[in-house]
Amino acid sequence: MLSLLYLLAQYAVIVAVIASALWFFADYIRDQERLTADLERNRLELSQARASLTQAEEVTRVDRAYLQQTEAQAEHWEKLVNDLRS
């Protein structure tokens with residue numbers, strides 16, 4: 001009877017080790033899936049941020065061109081006013 005309990009105890013330990021290994025493996029797989037999902041979400045956010053940055057750069061370029069044009073017109077009008085005063 002004691003040898004049967006000893007044999008069953010050995011099998012119980014083996015089953016526990018196998019169950020623990022499977023648990024850790026499943027946990028590893030879940031972590032990988034979570035990290036993959038996080039990576040995809042971060043890549044999407046990064047691409048959206050890059051698109052927003054590109055759009056902001058274009059708006060800035062247009063605004064600078066408009067400001068330069070307005071400044072040139074103001075200088076032109078200032079010259080005309082100075083010519084009329086002279």
Side-chain angles (χ1 to χ4, degrees):
M1 183 67 161
L2 196 55
S3 64
L4 180 60
L5 288 176
Y6 180 72
L7 185 62
L8 290 176
Q10 287 178 343
Y11 287 131
V13 169
I14 292 171
V15 169
V17 168
I18 292 173
S20 296
L22 290 175
W23 179 271
F24 284 119
F25 182 71
D27 196 38
Y28 170 78
I29 297 297
R30 282 191 298 269
D31 282 345
Q32 289 298 316
E33 291 171 350
R34 182 184 53 81
L35 290 174
T36 301
D38 287 347
L39 180 62
E40 288 303 315
R41 188 183 72 247
N42 289 337
R43 283 182 177 164
L44 177 62
E45 289 175 3
L46 180 61
S47 67
Q48 290 172 344
R50 284 182 178 159
S52 295
L53 180 60
T54 301
Q55 184 179 10
E57 288 172 344
E58 179 64 19
V59 168
T60 301
R61 187 190 66 76
V62 169
D63 285 348
R64 283 185 182 150
Y66 176 75
L67 289 174
Q68 288 173 348
Q69 180 183 9
T70 303
E71 184 180 350
Q73 287 177 352
E75 289 174 0
H76 176 70
W77 282 106
E78 187 176 335
K79 285 180 185 177
L80 287 176
V81 168
N82 288 339
D83 287 346
L84 288 175
R85 286 185 183 164
S86 308

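With sequence neighbours excluded, the residues that form a side chain to side chain donor-acceptor pair (under 3.5 Å) with Arg43 are Glu40.
Atom CG of Leu39 sits about 11.0 Å away from atom CD of Gln32, to the nearest 0.5 Å. Remark: Leu22 CG to Ile29 CD1 distance equals 11.5 Å, nearest 0.5 Å. Separation of atoms CD1 (Ile14) and OH (Tyr11) is listed at 7.0 Å; rounding is to 0.5 Å. Distance CZ/Arg64 to CD/Glu71: 13.5 Å, rounded to 0.5 Å.
By the 4.5 Å heavy-atom criterion applied to side chains, Asp27 and Arg30 are counted as neighbours.
Cluster partners of Leu35: none. The rule joins Ile, Leu, Val, Met, Phe, Trp and Tyr whenever side-chain heavy atoms lie under 4.5 Å apart, and it links nothing here.
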Given Asp83 and Lys79, is the salt bridge (Lys or Arg N to Asp or Glu O under 4.0 Å) satisfied, shown in steps? CA-CA 6 Å; Asp83 287 346; Lys79 285 180 185 177; over 6 Å; no

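Other residues, nucleotides and ligands contribute at most 12 non-hydrogen atoms within 6.0 Å of the CD atom of Gln55.
For the pair Asn42 (side chain) and Asp38 (backbone), a donor-acceptor distance under 3.5 Å is present.
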